[in-house]
Amino acid sequence: MNKIHIGLLGYGNVGSGVVQWLRKGKKDFAEKFGAEFVLKTLCDRSIQKKDTSGLSRTTLTTKFEDILDDPDIDVVIELIGGMQPAEMIVVEALKKGKHVITANKELIANKGEKLFELAKKQGRHLYFESSVGAGIPIIKTFTEGLAGNQFHSVYGIINGTCNFILDEMTRRDYSFEEALAEAQKRGYAESDPTLDINGMDSTHKLAILVSLAFGKYVKVKNIYTEGIEHISHQDIEYAESLNLCIKLLAIAKKVGNEIEARVHPTLISKDHPLAAINGIYNAVSLEADPLGTILLSGEGAGQMAAASGVISDLVNLSGSGAGSNLFCNVPHTPSHLTMRTIDQIKTKFYIRFMATDKPGVLSKITGVLGQHGISINSVTQKTHNPAATVPVIMLTEYTTEKELRAALKEIHKLPIMKSKPVAIRMEKLC
Ligand code: HSE
């Protein structure tokens, strides 16, 4: 039997899921892989307050040194999240010759390059399957299943909390706040849900996917990010009437020697498979030669979904599962691709203007758009009331962000405008 001693840091939602599954799968792991996973030490800063029944053979501690300094521990599972002390713990663990499994997307997105180099130097594994899409095998799809493919695009719904919120707002008429509270109650959101809502959680995950798809480490700050805080019921309803739906999409494309990477609310056709990804589900659509397009989907957040990815890393580490080759999970194609800035990117837009309802209003708006070279595909006025402000919805043809922003700034200043125009990017997906 291959006995593997584990030091686990972080006994929260995901950590306790991992412990549960280690117990439940014990017999299976032994029979299928000849592996015995022993939880030697469990570290959590509030371990005294946690339910640790059934862990009588595990050392419980609040000090991470008890794991790092223990020569018998083979693998450190880092589930505390955030940058520090997680980074220091991962670095120290690798330096001390331990393998590391982490679900920490922020850490891998920001420090992956440095950490993979260190792991390589130390001859250790650094696995991170749960960092994107929880248990959906997205990382292993890149590094194993599609290891020989050339990627063109990645479209992902990779934040379960945002997808859940948009879905609850659409289907149940929940307010943004009600939907967020429900996501927190169910354990989907981060401890600080700001990172979910403002899009940064998706951005961390997209940075990881870009490195795997295109072999390029991108700086998180260079990925344009917009969250879902400003999405209103009104826009969700109007989108539905146009056979569109709003998703927080993480998008990366390679065109020639350039990469674009962005995260923002996006209108997509309700007929596209990504439109059917609801609730806590995540999905990633990959376009890659010579395969074509594939869609991976499943529960992308939550206790057991995340635990599943961690356990699969553990099995791989035991040397028995697929992917037991050293570094199969590491971006391996150093590349000199350049990043497009958001100003250079061209998309179609949905724009909602709140304007007074009188003759000539449309011509004033379209006049400014025309001066900026923005062509209009369709115009809809939702109500008619000369005494009131009415929503006017315009769908544009492809335009650069730069021109669109300049035009909207000008239009906002017109006396006929009653509030700031709302613009949502539209994407035609393959
Ligand atoms: N908070 C994340 C989400 C789950 O809502 O998708 C872990 O990545």
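Counting starts at 1 for both ligands and their atoms, following the listed order. For the numbers below, each heavy atom of this structure counts, side chains included, while hydrogens, waters and symmetry mates do not.
Both the sub-6.0 Å distance and the 45° axial angle are not jointly satisfied by R186 relative to the ring of Y188.
Closest heavy-atom contact between A305 and E299: CB-O, 3.6 Å.
In summary, of the residues considered (I197, D196, N198), a side-chain contact (heavy atoms from CB on, under 4.5 Å) with M200 occurs for N198 alone.
Listed by number with element, the atoms of ligand 1 under 4.0 angstrom from any heavy atom of G160 are 3 (C), 5 (O), 6 (O). Atoms of ligand 1 found under 4.0 Å from any heavy atom of D196 (numbered from 1 in listed order, with element): 1 (N), 2 (C), 3 (C), 5 (O). In the vicinity of N159, heavy-atom distances shorter than 4.0 Å reach the ligand 1 atoms 2 (C), 3 (C), 5 (O), 6 (O). Atoms of ligand 1 lying under 4.0 Å from at least one heavy atom of K105, given by number and element, are 7 (C), 8 (O).
Of the protein's non-hydrogen atoms, E190 OE2, 2.5 Å is the one closest to atom 1 (N) of ligand 1. For atom 5 (O) of ligand 1, the closest non-hydrogen atom on the protein side is T161 OG1, 2.6 Å.
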Would K247 and N163 satisfy side-chain hydrogen bond (donor to acceptor under 3.5 Å, both in side chains), going step by step from the backbone distance to the final call? CA-CA 7 Å; K247 295 287 182 192; N163 204 45; 3.3 Å; yes
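Taking 4.5 Å as the limit, every side-chain heavy atom of T170 sits out of range of all side-chain heavy atoms of N278.
At most 12 non-hydrogen atoms from other residues, nucleotides or ligands lie less than 6.0 angstrom from NZ of K3.
Not a single N or O atom of S131, backbone or side chain, sits closer than 3.5 Å to an N or O atom of ligand 1.
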